[in-house]
Amino acid sequence: MPSAHPATILIHNVIFPLFLIPAFAIGLAYRVFALGYPNTGRRMEFNSRSPIFSEFGELLEGIVTVRAFFAKQRLLDGLHSKVDLSTQMWYSFWMAIRWLLLNFITLGATAVFVTTIFALSGYVSAGFTGLCITSAVAFPSIYWACRAWAALELDINSVGRLVEYEDLPQEPPAVIETARPPAYWPSRESSNLIVVEDLVVKYAPELPAVLRDVSLSLKGRERVGLLGRTGSGKSTLAMSILRFTDPTSGRILIDGIDITKIDLHDLRSRLTFIPQDGALFSGTLRDNLDPFKKHDDIECLDVLFRVHMITESVYQSQKSFRPAAHAGTRPSSRVANPPAEASSSTALSVTDVESKAPISLDTKVSAGGVNFSQRQRQLIAMARALLRQSSIIVLDEATSSIDIETDTNIQATIRKEFGGSLLLTVAHRLKTVIDYDRLIVLDKGSVIEFDTPWNLIQKEDSIFRNMCLKSGMFAELEQAAKDKAANDGLV
Ligand SMILES: Nc1ncnc2c1ncn2[C@@H]1O[C@H](COP(=O)(O)OP(=O)(O)OP(=O)(O)O)[C@@H](O)[C@H]1O
């Protein structure tokens with residue numbers, strides 16, 4: 001093989017670096033396109049798609065409200081515009097991909113062209129030219145690297161979100177072995193069963209206080225109504241007792257124990273909460289009533305009957321087929337004597353079963369209890385509370401979606417069955433709580449009135465009296481409050 005001419009070698013060594021100029025320019029162009037793409041293409045499309053899913057999910061959750069307010073068209077238009085935007089972004093995304101591919105192919109062709117020019121000028125050996133051209137032809141495959149990189153970035157974003165969720169403030173550990181309350185806690189005989197001291201609650205450090213310096217003391221076996229305008233903090237106070245929100249300052253003592261010092265499981269297993277919309281899980285009705293299988297079937301049927309979920313005829317027929325199924329559990333003390341009001345003619349005529357098939361303990365419950373109405377879910381929550389017989393029961397507007405007739409029956413059941421417990425009811429109906437022992441009236445997070453219904457209704461400038469006057473049932477409420485006070489020997 002003839003050796004290269006010395007002049008050629010000189011030219012190679014001095015002039016060849018000239019090739020670096022177009023190589024640098026082409027490399028820079030690749031970099032600009034490659035870095036620009038992930039910021040524009042996939043992210044635009046991704047960001048415009050997630051609002052559709054979240055809005056659709058919210059829409060399904062609130063479909064009843066949407067229909068009630070005839071907001072279907074407005075929300076549909078909103079959803080359509082989001083779908084339009086996402087489609088535009090999707091189109092732009094694919095156009096960006098094509099644009100990127102076109103640019104990369106052009107850059108690859110430019111690189112081949114420049115190499116060829118250098119080769120033709122004789123400055124580069126044939127072998128080196130071949131190597132350069134082969135490499136330049138492969139340059140557009142950077143395109144796939146770009147797409148993979150963009151996909152990786154988006155996936156890493158999802159991991160980033162998971163890491164964020166990991167850093168969210170957590171509830172305290174479920175079990176604090178060193179601070180377990182005694183088995184008899186909380187005692188229903190305590191004269192200071194719930195004591196709230198200077199309680200301040202905020203939902204977030206930057207938000208204003210929802211409860212401000214709330215102080216009160218509730219006795220065992222007392223029935224206390226919690227009243228106030230919307231947003232006054234009734235639910236927050238009720239939830240604070242179960243530590244759904246922790247105090248910003250102040251404390252809540254239950255039968256002498258600060259509830260922040262014991263574990264959540266102990267606290268919540270000793271109290272009963274009947275929420276507005278009782279949560280149910282998938283399984284049978286029996287599983288929902290008594291998940292830990294502590295009661296026999298007849299006790300479960302008994303409580304269903306007591307809350308008017310089943311009629312007396314259904315109760316009697318199912319009872320006869322069900323001996324006490326769970327050996328070793330305590331026998332029902334109530335079965336022999338069905339509740340007085342349940343055996344009355346009113347109870348006999350009440351049919352609370354909304355479906356035609358009679359409800360039994362084996363009735364299937366779908367996840368979330370969606371095959372039961374909200375009213376039935378509340379009744380089941382009440383039946384569960386009856387089974388548990390806790391010394392503290394918190395009811396959050398538990399009768400708000402129940403018709404007047406059923407409400408009357410339920411109220412009678414509550415009075416009879418929960419007599420041995422401290423009952424704290426978040427109420428919207430004055431009638432519900434007018435014969436309670438005491439009423440708490442909240443306004444803007446502060447307790448402004450706390451007395452017996454009779455004392456409050458008599459007070460000329462009391463907010464409770466004003467509420468009664470505005471209800472249009474003043475005379476009836478006043479009489480009920482007076483009867484209650486007379487019963488208690490207060491008048
Ligand atoms: N999760 C939350 N995050 C932030 N603020 C909240 C939250 N829940 C309630 N609030 C605010 O706390 C205040 C009190 O709400 P709360 O639900 O306790 O009042 P309420 O008297 O029970 O009202 P309602 O009668 O409408 O149920 C309201 O201003 C409400 O906007």
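Start at 1 and go down the list; that is how both ligands and their atoms are numbered. Because the structure is predicted, anything quoted here is derived from the model rather than measured.
Atom numbering of ligand 1 starts at 1 in the shown order; those under 4.0 Å from a heavy atom of His428 are 25 (O). Remark: ligand 1 atoms within the under-4.0 Å shell around heavy atoms of Arg229 are 21 (O). Heavy-atom contacts of Thr236 reach the following atoms of ligand 1: 14 (C), 15 (O), 16 (P), 18 (O) (cutoff under 4.0 Å).
For Gln458, the side chain to side chain contact (heavy atoms under 4.5 Å, CB included) partners are Trp454, Asn455, not counting sequence neighbours. Scanning for salt bridge (charged side-chain N to carboxylate O under 4.0 Å, His left out) contacts around Asp488 gives Lys484, with sequence neighbours left out.
Here the side chain of Glu222 pairs a donor or acceptor atom with the backbone of Lys219 at under 3.5 angstrom. Remark: side-chain polar atoms of Arg221 are not paired, donor with acceptor, to backbone N or O of Leu423 under 3.5 angstrom. A donor-acceptor contact shorter than 3.5 Å links the side chain of Ser215 to the backbone of Asp198.
In terms of N/O distances under 3.5 Å, ligand 1 is not approached by Leu207.
Only side-chain heavy atoms of Val210 come within less than 4.0 Å of ligand 1; its backbone N, CA, C and O stay farther off.
For atom 22 (O) of ligand 1, the candidate residues are Ser240, Ser235, Gly228; the nearest heavy-atom contact is made by Ser235.
Contact annotation: Ser232 has at least one heavy atom less than 4.0 Å from an atom of ligand 1. In this structure, Met239 falls outside the shell of residues with a heavy atom less than 4.0 angstrom from ligand 1.
In this structure, Arg268 satisfies the cation-pi test against Phe244, with its NZ or CZ atom closer than 6.0 Å to the six-membered ring centre and inside 45 degrees of the ring normal.
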